[in-house]
Number of protein chains: 2
Amino acid sequence: MSSATLNADTLAQKLADSGLRATPQREVVYNVLIKKRDHPTADEVFARVKSELPTISLATVYNCLETLVQCDLVRAVNFERGPTRYCPNLRPHAHFHDEQTGKTHDIDLPPTLLETVHSVLPRGFDASSVEIIFRGKATKSAH
Amino acid sequence: MSSATLNADTLAQKLADSGLRATPQREVVYNVLIKKRDHPTADEVFARVKSELPTISLATVYNCLETLVQCDLVRAVNFERGPTRYCPNLRPHAHFHDEQTGKTHDIDLPPTLLETVHSVLPRGFDASSVEIIFRGKATKSAH
DNA sequence: TTCATAGTTTGGAATAGTTCTAATTATCAC
DNA sequence: GTGATAATTAGAACTATTCCAAACTATGAA
Ligand SMILES: [Mn+2]
Ligand SMILES: [Mn+2]
Ligand SMILES: [Zn+2]
Ligand SMILES: [Zn+2]
């Protein structure tokens, strides 16, 4: 069974869990995110999806991305003014924003780290999620 | 010497360091941020500043906020789609976003934490800053 | 099958937040 | 004071996103 088929099944399943249908548009949008995990904007997703579904509309891309976020298949990422970016990496990870290139890299986190970070919260703060963003420059060796 | 005067001096000094002038608009915008540290949007700053400078324009508020950010007197904060928020707290701190109320709280960080977080970066990633955002709910006791 | 219904997509209009522009006003150095 | 430079202002323009109403599609009961 191909990885694309696995993804399609995962997608169909998660959508069904939320009472939603697996449409061609949703599948292609999701596959575009999986295929190139560079945190694209909605416009960039739109451009990539068009080559497979030339008649898709930008509104539909926004709708699909929103749906995928609701189904916990994709994370919406905002760490600066400017368009929202989309990330299909569901493992706990931080983002490294390279200020020279504008590229955003995923940084895997050791399981203990989120615990440690969480532990700095004073009483009365009950966090359901933690987000970590680095800014700086990445050298060539860091692909 | 009053705290307002101290702030005004700090402001004038930092602006001068960047070759900029201390104008009434810049002073009032800065004082508004200092006075109520609730991470207001530009629109909210505009509304507060108007009571002291009724003829100030929204464009000037944006200009002043941008200037204060450049001079490292204020941080611009973006952790979701929606207007940028402004924070005059220069100590290392995280943000806690209360999803019920929409309010954003400052969480002071022990000096070791940023080191620990920083240490998860693989070779090739050179971070100049780290940002931490919690999301969840704050109980009444957490003011 | 056929039809009714609900879900989805679509293009365009509308909106929110911000930035740009060109004209005016304030400040500084001489 | 005068001229140069910096800052403010109102409004236009712009970007990203959401809203809307119409058309289309899938589903599934009769
Ligand atoms: Mn950037
Ligand atoms: Mn919020
Ligand atoms: Zn990511
Ligand atoms: Zn803050």
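Just so we're on the same page: letters track the sequence lines, and every chain starts at 1.
Of the side-chain N and O atoms in B:Thr41, none sit less than 4.0 angstrom from OP1 or OP2 of C:dG17. Proximity of B:Gln25 to the phosphate of C:dA26: no side-chain N or O atom is located under 4.0 Å from OP1 or OP2. The side chain of A:Tyr62 places no N or O atom within less than 4.0 Å of a non-bridging phosphate oxygen (OP1 or OP2) of D:dT18. Using a 4.0 Å cut-off, no side-chain N or O of B:Thr23 falls inside it from OP1 or OP2 of D:dA7. Between A:Arg81 and C:dT18 there is a side-chain N or O to OP1 or OP2 distance below 4.0 Å.
Rounded to whole Å, the distance from CD on A:Gln70 to P on C:dG7 is 16 Å. The CG-P distance, from B:Leu65 to C:dG17, rounds to 15 Å in whole Å. Atom CG of B:Asn63 and atom P of C:dT21 are 13 Å apart (whole Å). Distance B:Leu58 CG to C:dC20 P: 14 Å, rounded to the nearest Å. Atom CZ of B:Phe46 is separated from atom C1' of D:dT8 by 12 Å (rounded to the nearest Å). B:Leu15 has its CG atom 12 Å from the C1' atom of D:dA7, to the nearest Å. One interatomic measurement links the two molecules: CD of B:Glu66 to C1' of D:dT8, which rounds to 15 Å at whole-angstrom precision. The CG-P distance, from A:Leu53 to D:dC24, rounds to 18 Å in whole Å.
Remark: B:Asp72 does not engage B:Lys14 in a salt bridge, criterion side-chain N to carboxylate O under 4.0 Å.
For the residue pair A:Asn89 and A:His93, the shortest heavy atom distance occurs at O-CE1, 3.1 Å.
A 4.5 Å side-chain heavy-atom check between A:Arg48 and A:Pro40 finds at least one atom pair inside the cut-off.
Under the side-chain hydrogen bond (donor to acceptor under 3.5 Å, both in side chains) rule, A:His39 has a single partner from A:His105, A:His95, A:Arg85, which is A:His95.
Comparing B:Ser57 and B:Arg21, the nucleotide of DNA chain D nearest to each residue sits closer to the 5' end for B:Arg21. Each of B:Leu20 and A:Asn78 was assigned the nucleotide of DNA chain D with the nearest heavy atom; the assignment lying further toward the 5' end belongs to B:Leu20.
The neighbour count for B:Gln70 CD, taken as heavy atoms of other residues, nucleotides or ligands under 6.0 Å away, is above 12.
Of the candidate nucleotides C:dG12, D:dT8, C:dT18, C:dG12 has the atom nearest to the side chain of A:Ala59.
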